Amino acid sequence: MRTFWLDTEFNEHGGDLISLALVGEDGSEFYEVVPCPNPKPWVADNVMPVLHKAPISVGDLTAKLGAFLRKHGPVCVIADWPCDIELFCKALITGPGQMIATPQLAFVLDRTLPDTAQASKIPHNALEDARALCSHGMATKERAR
């Protein structure tokens, strides 16, 4: 089972997904951004300027995410916050009672991961935040050996 660290950005608490990133222990990365036509003030100031990628439709994100996951077989997704897992799962759904084909997925909520606002090279950029989580996770795994 391959391990990926997950981070998302969203339009404040309970808001819609803006970006989603997965960074794998093997160096594989997935990062996509979807439109956010009405960002809340904090999001407009802190998230939107650091997305560094043009948005695609939610449907395109879902299709690309499915292709990425299927390419990697069974996947363990590790996140530091419940909303990340919620938004990841929501991105898999294509309609009522329908979802994309995925390999086996397992989820871990790891609250011992560092605060990405401190650990990330570009805080509030989902890809850089996921890279920071992965780096910490890999270092912890290495120390345990």
Side-chain angles (χ1 to χ4, degrees), residues 1-96 98-141:
M1 183 170 277
R2 293 204 180 164
T3 301
F4 286 89
W5 281 264
L6 166 68
D7 193 71
T8 66
E9 297 300 330
F10 43 92
N11 201 10
E12 291 193 356
H13 178 74
D16 291 332
L17 178 69
I18 297 171
S19 61
L20 184 149
L22 293 168
V23 175
E25 58 190 353
D26 65 353
S28 298
E29 294 183 341
F30 176 89
Y31 177 59
E32 292 297 343
V33 173
V34 295
C36 181
N38 298 305
K40 303 290 185 182
W42 188 93
V43 172
D45 292 343
N46 295 282
V47 175
M48 303 308 287
V50 298
L51 292 173
H52 302 301
K53 189 163 189 176
I56 62 173
S57 72
V58 173
D60 286 346
L61 177 140
T62 297
K64 287 183 174 190
L65 179 59
F68 180 83
L69 293 170
R70 288 188 299 273
K71 182 171 84 173
H72 292 285
V75 171
C76 176
V77 177
I78 301 174
D80 65 344
W81 195 248
C83 293
D84 294 321
I85 296 170
E86 174 189 21
L87 290 167
F88 175 90
C89 290
K90 191 174 180 180
L92 303 176
I93 299 169
T94 58
Q98 297 178 341
M99 65 176 280
I100 59 171
T102 67
Q104 179 184 4
L105 298 172
F107 297 94
V108 174
L109 179 60
D110 185 349
R111 296 294 294 142
T112 68
L113 290 168
D115 178 0
T116 54
Q118 305 299 318
S120 179
K121 289 181 182 174
I122 304 174
H124 314 301
N125 172 284
L127 180 58
E128 289 296 336
D129 291 356
R131 285 174 176 161
L133 297 175
C134 178
S135 179
H136 176 82
M138 295 301 295
T140 301
K141 196 180 218 182

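In this text, all values refer to a predicted model and were calculated from it rather than measured experimentally. We use all heavy atoms of the structure for the numbers below, so side chains are in, but hydrogens, waters and symmetry mates are not.
- Taking His124 as the reference, nothing meets the side-chain hydrogen bond (donor to acceptor under 3.5 Å, both in side chains) condition, with sequence neighbours excluded.
- The heavy-atom pair separating Asn11 from Ile18 by the smallest distance is N-CD1, 3.6 Å.
- Residue Lys53 places its NZ atom among more than 12 non-hydrogen atoms of other residues, nucleotides or ligands, all under 6.0 Å distant.
- You'll find the side chain of Arg131 stays beyond 4.5 Å of the side chain of Lys121, heavy atoms only.
- Shown here for Ala91 and Thr62, the closest heavy-atom pair between the two residues is O-OG1, 2.8 Å.
- Closest of all the heavy-atom pairs between Ala132 and Ala119 is CB-O, 3.8 Å.
- Between Val34 and Ser19 the shortest side-chain heavy-atom distance does not fall below 4.5 Å.
- Expressed to the nearest 0.5 Å, how far SG of Cys134 lies from CG of Leu127 amounts to 10.5 Å.
- With hydrogens and angles disregarded, a donor-acceptor distance shorter than 3.5 Å links the side chain of Arg111 to the backbone of Asp80.
- The distance from atom CD1 of Ile93 to atom CE of Met99, rounded to the nearest 0.5 Å, is 7.5 Å.
- For the pair Asp129 and Pro123, the tightest heavy-atom approach, listed with the atom from each and the gap, is OD1-CA, 3.7 Å.
- Residues Leu22 and Val75 are not in side-chain contact: their nearest non-hydrogen atoms beyond the backbone lie 4.5 Å or more apart.
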Next on the checklist: Does Phe10 form a side chain to side chain contact (heavy atoms under 4.5 Å, CB included) with Asp84? I'd like the steps, not just the answer.
Outcome noted: CA-CA 9 Å; Phe10 43 92; Asp84 294 321; 4.3 Å; yes
Checklist entry - Should Lys90 and Leu17 be marked as a side chain to side chain contact (heavy atoms under 4.5 Å, CB included) after you check the CA-CA gap, both sets of side-chain angles, and the distance that decides it? => result CA-CA 9 Å; Lys90 191 174 180 180; Leu17 178 69; over 6 Å; no
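- What you find for Ile56 and Leu61 is that their closest heavy atoms are CD1-N, 3.5 Å.
- Counting only heavy atoms from C-beta outward, the side chains of Glu32 and Leu20 never approach each other to under 4.5 Å.
- Separation of atoms CZ (Arg2) and NZ (Lys71) is listed at 9.0 Å; rounding is to 0.5 Å.
- Here the straight-line distance linking atom OG1 of Thr3 with atom CE of Met138 works out to 8.0 Å at 0.5 Å rounding.
- For the atom pair CG of Leu87 and CG of Leu6, the computed distance is 8.5 Å after rounding to the nearest 0.5 Å.
- Residues Leu51 and Tyr31 form a side-chain contact, since some pair of their non-hydrogen atoms from C-beta on lies under 4.5 Å apart.
- For the pair Thr102/Leu65, no side-chain contact is recorded, criterion being any heavy-atom separation below 4.5 Å from C-beta on.
- No side-chain heavy atom of Cys83 sits under 4.5 Å from any side-chain heavy atom of Thr8.
- Nearest heavy atom pair, residue His72 against residue Ser28, reads CE1-OG, 3.1 Å.
- Relative orientation of the Phe68 and Phe4 rings is perpendicular, given thresholds of 30° and 60° on the angle between their planes.
- The line from NE2 of His136 to OG1 of Thr112 is 5.0 Å long, rounded to the nearest 0.5 Å.
- Using a 4.5 Å heavy-atom threshold, the side chains of Val58 and Asp16 count as separate.
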